[in-house]
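Here is the naming used below: chain letters follow the sequence lines, and residue numbers restart at 1 for every chain.
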Amino acid sequence: MLDIKLLRDRADFVGERLATRHAGDEAKVTEILAHDTRWRDAIAESQQLKARRNSASKEIGALMGQKKTAEAEAKKVEVRATGDRIAELDQVSAEAEAARDALLLTVPNLPHASVALGREAADNPEIRTHGAKFDYAFKPRNHIELCEQLKLVDFARGTKLSGSGFLLYTGWGARLERALINFLLDLHTSEHGYTEVAPPYIIGEHCMVGVGQFPKFKDQAYAVQEGLDGSTLGKLYLVPTAEAPVANIHREEILAAEQLPVRYVAYSPCFRAEAGAAGLGTRGMIRVHQFDKVELIKLVEPEQGYAELEAMVGNAEKVLQLLGLHYRVINLCTGDMGFASAKTYDIEVWAPGQGQYLEVSSCSNCEDYQARRMSLRYKTATGENRFPHILNGSGTALARLFVALVETHQQADGSVLIPEPLRPYLRTDRLTA
RNA sequence: GGAGAGGUGGCUGAGUGGUUUAAGGCGCACGCCUGGAAAGCGUGAGUAGGCUUAUACCCUACCGGGGGUUCGAAUCCCCCCCUCUCCGCCA
């Protein structure tokens, strides 16, 4: 969440930056500050009265010790009235604080100054491209055709098991998926300096709040219930991304400055309800309820935040380069950026069978927005507690990578050539029917 | 699912209603001492918030969390959470 002090000191600035997102959140600033003022007035008076009560109570204790019971009793009556007033004030302050914080949690992060202004995806500037669209001597098939011919994915039976939006990988398809996961984890641990972690796939609600998934996107998550015990519903959720558990690993901790930077890489399946999303219900692997992803997470000192973001994008790009895929990097404009992010790069890979670019990675610097929500800090050499920048990026999402891979490397005979770096993992250089 | 034990500062560990400002110990930082160290001695150090130009002072809160009793709660009462051990079931 945003620093309440920033809202107090620079309300206009905060409002202006929020307005660039075109989501109407700037209207909340005044309301938040009204709650805040109410809270501060009440807490200040309450604290003064508490100081008075504390000293009076001590005096009563001393009088009792000296057996001056009459004087002690008189004093008690006096203090009792103070106690009643304190109770009133504490009720006001608790209510005001809760209202302020509940609203503050619904306010997104401020876009970084370098982010392009814009309303929608069409306004996202392209930063760079790698490779080029390949000219095929034949009409390239799309991944659905390829997967069916090569028996990589059994779409019909996936749907039979779990409904639309769920995939059953089969044979070489299952092996390709597993090979890609291992390839990605090995690349980021061995070549890019990340430490591998394997998080739980079911996590507490507080983790979802910590990364900013909740309260806003509660309708997009799969809530877990223990058996038929309805009272357990809403406490645990299937991970929508490994970012949620991994970014929270050090929540409510104060790290030593020497521990930074922290760089984690984690594989997890990702579960998304995609309620109301366009495109689900169409066949294929582009938008599904469950997909695999290898996620990159960094906790870094604020001064390093943006350099580390550039490096993270480079780490994700390396994946596509090694796999011989054409892609472009775009910078999300203010109106298209995610809730917690201050700056986001998307990487879109070319899928010739689809004839379109597919988003396979989204790398964001959330600055201290998430760290503040999860109370994650680090102590500087001078003893100051600061919030680190938290970055997350896909390195990369699997289902769409799978699509781009088979569509790009398909051959005229319908087989798929496996790129060199993947061959040791798959133990074959070609997928054939 | 059943039974039991426990949750106090960085760690350990006392504290069952009022000079406790959470004892003592360990560890940590700084200083004295020393040729240098150790030992010894001394000093200091938590988190959040309020008030502030201030990371100065002062004040408030924090002994798993939330309520309650009281002038006053780590301590008494109620509810909840978590951890550990044993039994049962189980990959």
Side-chain angles (χ1 to χ4, degrees), chain A residues 1-10 32-102 104-105 198 200-207 209-210 224-236 248-259 301-302 368 371-388:
Chain A
M1 65 182 130
L2 299 178
D3 187 353
I4 184 67
K5 287 176 188 154
L6 185 65
L7 271 76
R8 287 174 194 159
D9 298 343
R10 304 180 63 192
I32 290 170
L33 287 174
H35 290 307
D36 186 54
T37 303
R38 210 151 53 84
W39 172 73
R40 283 206 284 175
D41 290 348
I43 201 92
E45 189 184 344
S46 168
Q47 289 184 354
Q48 261 177 8
L49 292 177
K50 279 175 182 168
R52 224 179 290 166
R53 182 179 66 184
N54 286 345
S55 61
S57 290
K58 255 178 212 168
E59 288 170 31
I60 291 170
L63 289 170
M64 303 278 273
Q66 297 162 34
K67 306 257 193 254
K68 296 179 178 170
T69 34
E71 284 178 51
E73 288 304 322
K75 201 120 202 152
K76 279 189 192 178
V77 175
E78 190 188 317
V79 180
R80 195 170 293 141
T82 319
D84 292 343
R85 176 65 182 151
I86 289 173
E88 282 173 34
L89 289 167
D90 283 353
Q91 206 174 336
V92 171
S93 72
E95 189 270 316
E97 186 182 26
R100 180 194 72 183
D101 291 345
L104 202 49
L105 281 175
Y201 302 151
I202 297 177
I203 57 172
E205 184 183 21
H206 57 285
C207 292
V209 174
V224 172
Q225 171 175 295
E226 288 178 28
L228 297 176
D229 182 355
S231 71
T232 61
L233 184 64
K235 292 180 177 171
L236 295 170
N248 275 286
I249 287 175
H250 297 289
R251 75 184 340 264
E252 288 158 51
E253 291 183 23
I254 301 176
L255 301 171
E258 307 86 73
Q259 290 176 262
E301 296 196 66
D368 59 4
R372 183 172 281 109
R373 280 177 169 244
M374 59 180 76
S375 192
L376 163 56
R377 291 153 292 169
Y378 74 98
K379 195 177 280 293
T380 64
T382 56
E384 186 194 355
N385 290 332
R386 299 177 76 196
F387 294 107

Results of salt bridge (Lys or Arg N to Asp or Glu O under 4.0 Å) for A:D41 - residues two or more places apart only: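 A:D41: no salt bridge (Lys or Arg N to Asp or Glu O under 4.0 Å) contacts found.
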All salt bridge (Lys or Arg N to Asp or Glu O under 4.0 Å) counterparts of A:E73, not counting sequence neighbours: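 A:E73 satisfies salt bridge (Lys or Arg N to Asp or Glu O under 4.0 Å) with A:K76 once adjacent residues are dropped.
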Residue met sooner reading RNA chain B from 5', once A:R377 and A:E226 are mapped to nucleotides: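 The residue closer to the strand's 5' end, by nearest nucleotide, is A:E226.
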In whole angstroms, how far is the [atom2] atom of [N] from the [atom1] atom of [X]?
X      : N     : atom1 : atom2 : value
A:K5   : B:G50 : NZ    : C1'   : 10 Å
A:R38  : B:G50 : CZ    : P     : 16 Å
A:E253 : B:G10 : CD    : P     : 13 Å
A:I43  : B:A48 : CD1   : P     : 16 Å
A:D3   : B:A48 : CG    : P     : 12 Å
A:L255 : B:G10 : CG    : C1'   : 14 Å
A:I254 : B:G9  : CD1   : C1'   : 12 Å
A:E384 : B:A48 : CD    : P     : 11 Å

Could you state the interatomic distance from [atom1] ([X]) to [atom2] ([Y]), rounded to the nearest 0.5 Å?
X      : Y      : atom1 : atom2 : result
A:E253 : A:N248 : CD    : CG    : 10.5 Å
A:I43  : A:E45  : CD1   : CD    : 11.5 Å
A:K58  : A:I60  : NZ    : CD1   : 13.0 Å
A:D368 : A:L2   : CG    : CG    : 8.5 Å
A:D36  : A:L7   : CG    : CG    : 8.5 Å
A:R40  : A:R8   : CZ    : CZ    : 4.0 Å

Protein-to-nucleotide contact annotation, 5' to 3' order, nucleotides 56-76 of chain B [B base; S sugar-phosphate only; - none; under 4.0 Å, heavy atom]: ---SBS---------BS----
Considering only the [atom1] atoms, how many Å lie between [N] and [M], rounded to the nearest integer?
N     : M     : atom1 : result
B:G44 : B:G25 : P     : 15 Å
B:C26 : B:A61 : C1'   : 29 Å
B:U83 : B:C78 : P     : 24 Å
B:G2  : B:C63 : P     : 31 Å
B:C32 : B:C84 : P     : 48 Å
B:A45 : B:C30 : C1'   : 10 Å
B:G4  : B:G42 : P     : 49 Å
B:G67 : B:C81 : C1'   : 14 Å

Touch class at under 4.0 angstrom, heavy-atom based, for A:R100 against every strand present: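 No contact at all - A:R100 keeps every heavy atom at 4.0 Å or more from the nucleic acid.
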Sugar-phosphate, base or nothing in reach of A:K379, heavy atoms under 4.0 Å: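 Contact class for A:K379: sugar-phosphate only.
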Pair A:K235 + A:E226, salt bridge at N-O below 4.0 Å: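 No, no charged N to carboxylate O under 4.0 Å.
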Lys/Arg-Asp/Glu bridge criterion (N-O < 4.0 Å) met for A:R10, A:D3: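 Looking at A:R10 and A:D3, the cut-off is not met.
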Pairing stems for RNA chain B [at least three consecutive pairs; Watson-Crick or G-U; under 3.5 angstrom]: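 Paired runs of 3+ in RNA chain B: B:1-7 with B:81-87, B:10-12 with B:24-26, B:28-32 with B:40-44, B:46-50 with B:58-62, B:64-68 with B:76-80.
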Heavy-atom side-chain proximity of A:E301 to A:Y378 below 4.5 angstrom: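 A:E301 reaches A:Y378 side chain to side chain.
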Any donor-acceptor pair under 3.5 Å from A:S57 side chain to A:N54 backbone: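 Checking the backbone N and O of A:N54 against the side chain of A:S57, no donor-acceptor pair under 3.5 Å is found.
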Would you tabulate the pairs of protein nitrogen or oxygen atoms and nucleotide nitrogen or oxygen atoms of nucleotides 52-54 of chain B closer than 3.5 angstrom?
none

Residues that A:E97 engages under side chain to side chain contact (heavy atoms under 4.5 Å, CB included), provided they are two or more places apart: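 Partners of A:E97 under the side chain to side chain contact (heavy atoms under 4.5 Å, CB included) test: A:W39, A:R100, A:D101.
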